[in-house]
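Along the sequence shown, the residues carry numbers beginning at 1. Source: prediction; values computed, not measured. Computed over heavy atoms, backbone and side chain alike; hydrogens, waters and symmetry mates excluded.
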Amino acid sequence: MSTDARSTPTSHSTPRPGPPFDLVLFGGTGDLAMRKLLPALMRRYMDGWITPGSRVLALARTRHTTEAYRALAQAACRQHLGADFREDRWDGFAALLSYAPLDATASADYAGLATLLGARPGVPRLFFLSTAPDLFAAICRELAAAGIVTPESRIMLEKPLGEDAASARRINETVGAIAGERQIYRIDHYLGKETVQNLLALRFGNALFEPLWRRGQVRHVQITVAEQLGVESRGEFYDRTGALRDMVQNHLLQLLCILAMEPPATSAADAVRDEKLKVLRALRPIGDAEALIKTVRGQYRPGVVGASRAGGYLEEPGVAGDSRTETFVALKAEIDTWRWAGVPFYLRTGKRLHEHVAEIVVTFEQVPHSIFEGPFSSQLPNRLVIRLQPDECITLRILAKSPGEAMRLKPVDLALDLGESFKGRPLEAYERLLGDAILGNLTLFMRRDEVDAAWNWIDPIRAAWDADEQGPRPYAAGSWGPAASSALIARDGFAWYDEL
Ligand code: BG6
């Protein structure tokens with residue numbers, strides 16, 4: 001019997017139950033907990049992965065009772081899980097949740113936490129620090145003083161991990177004082193996305209791409225993460241941060257690493273992280289005068305996004321009226337290695353852009369000599385488009401003969417819709433990342449040296465921008481960013497994918 005399953009959609013396998021765990025959630029009433037973490041945990045509970053015997057202890061300053069907290073959590077899960085929320089499973093999940101008020105800076109409160117946790121030998125204990133980073137030091141100090149960090153403990157840190165290399169170092173040293181590197185789980189939620197992991201599968205599960213994945217075969221690469229959303233309710237935070245620190249330092253550089261890294265020997269955490277680190281360290285520095293040539297920053301003005309009018313960045317609540325914070329970045333990155341010398345990687349991200357899309361476009365070299373005549377004889381190179389969001393598909397553009405007598409070539413797409421090919425529910429980023437931390441798998445978390453290397457590359461760009469009087473270039477909300485972004489790539493003879 002044939003085992004060929006070419007057109008058969010493959011199901012996601014039903015997960016086996018995971019081990020029991022204790023998860024201590026600092027910032028338990030915060031936006032991340034309500035919007036992402038609790039819904040993710042509930043999904044895994046409904047899947048049968050989280051079993052009774054696990055405990056989630058939420059902490060925050062507010063004096064809620066556990067009952068009141070469960071009611072908040074229920075409303076959040078109902079809202080964010082939508083039709084997937086199962087009323088009949090709520091009580092079982094809620095029984096795992098408890099709440100304790102805690103002032104992160106008050107030593108006395110940690111004695112109570114120690115009592116609540118008790119001793120559960122062999123059960124992984126996770127401390128998820130979903131608070132402002134300026135509380136990390138106090139939390140770590142108090143956890144250590146109360147003797148609650150056991151050898152089975154893991155510390156999960158949410159970005160932003162600092163605002164530059166120096167502040168990231170301080171955070172890492174503080175956390176490093178109470179836990180070893182193998183106990184620290186630094187989150188970049190892009191690594192938890194199924195679609196991003198699929199990049200690893202595409203590159204290292206197929207022999208086809210590896211010989212082509214290099215200079216001489218690849219002409220240039222584009223990475224776009226475009227959002228239609230503005231800064232929502234985070235104006236104050238965003239205005240201190242900007243797109244370079246909020247998106248490029250982490251999500252876009254992580255995508256670049258996965259695309260550009262050498263094949264790791266295994267999928268073990270450090271094998272993968274070693275290879276990503278080499279990419280970050282091989283990035284050609286962009287500083288001073290170069291920054292103004294190889295980077296473009298923009299800030300949105302009023303415009304129309306989709307069908308709705310959108311205000312400008314300077315009108316957003318929490319944003320200074322004369323802010324110079326960038327909401328858009330485009331840049332040209334170069335990787336000084338044998339594999340990638342001479343192959344530019346163009347990175348672009350922004351808020352209030354034309355479309356909500358995350359996409360990687362790998363453009364290959366043209367044929368060296370064309371034997372055909374006609375408009376598409378040789379100018380159109382093959383192109384691999386890997387769309388990560390909102391839908392997941394991989395498209396390879398090739399040239400084929402157009403029907404008819406004449407030998408005329410036309411571009412056609414070989415398209416694979418992964419949502420169609422695999423039936424079933426993929427894990428959301430935080431489901432995956434919480435699950436991996438519970439299992440002790442560090443592969444999808446950033447190691448300290450990666451974070452340092454990423455900041456070391458970002459900081460000189462930031463410094464050059466700060467010294468530049470011009471500030472970010474305006475762009476209309478709903479556009480693809482400032483015209484200078486098109487000029488950046490056009491200088492090398494290319495165009496952004498949406499301009500083709
Ligand atoms: C976060 C940024 O890390 O990523 C946000 O702080 C951004 O500003 C978000 O909106 C984008 O994530 P996603 O998963 O919606 O693409």
Between side-chain atoms of residues 257-264 and protein atoms elsewhere (two or more places apart, or another chain), which donor-acceptor pairs fall under 3.5 Å?
from	atom 1	to	atom 2	distance (Å)
Glu262	OE1	Arg339	NE	3.4
Glu262	OE1	Arg339	NH2	2.9
Glu262	OE2	Arg339	NE	2.8

Test applied, side-chain contact (heavy atoms from CB on, under 4.5 Å); reference residue, Val225; option that passes from Val248, Val357, Leu255 | Leu255
Separation between CG of Leu416 and CD1 of Ile386, rounded to the nearest 0.5 Å = 11.0 Å
Please report the closest heavy-atom contact between Thr325 and Gln299, naming both atoms and the distance.
-> O-NE2, 2.9 Å
Ring center gap for His220 and Phe345 short of 6.0 angstrom | no
Worked check of side chain to side chain contact (heavy atoms under 4.5 Å, CB included) between His251 and Gln254 | CA-CA 5 Å; His251 307 324; Gln254 286 293 323; 5.9 Å; no
Could you tell me whether the side chain of Asp246 and the main chain of Gly242 form a donor-acceptor pair under 3.5 Å?
-> no
So, is the end of the Arg214 side chain (NZ or CZ) under 6.0 Å from the ring centre of Trp340 and within 45° of the ring's axis?
-> no
Give the intermediate values and the outcome of side chain to side chain donor-acceptor pair (under 3.5 Å) for residues Arg348 and Thr224.
-> CA-CA 5 Å; Arg348 177 175 62 155; Thr224 296; 3.1 Å; yes
Pair Arg448 + Asp452, salt bridge at N-O below 4.0 Å | yes
Test log, rule side chain to side chain donor-acceptor pair (under 3.5 Å), inputs Thr327 and Tyr475 | CA-CA 10 Å; Thr327 60; Tyr475 63 95; 2.8 Å; yes
Side chain to side chain donor-acceptor pair (under 3.5 Å) between Tyr300 and Glu316, worked out = CA-CA 11 Å; Tyr300 61 85; Glu316 299 277 11; 2.5 Å; yes
Run the side chain to side chain donor-acceptor pair (under 3.5 Å) check on Trp496 and Ser485 step by step: do they pass?
-> CA-CA 9 Å; Trp496 292 109; Ser485 156; 3.0 Å; yes
Would you say Gln217's side chain and Glu365's backbone share a donor-acceptor pair under 3.5 angstrom?
-> no
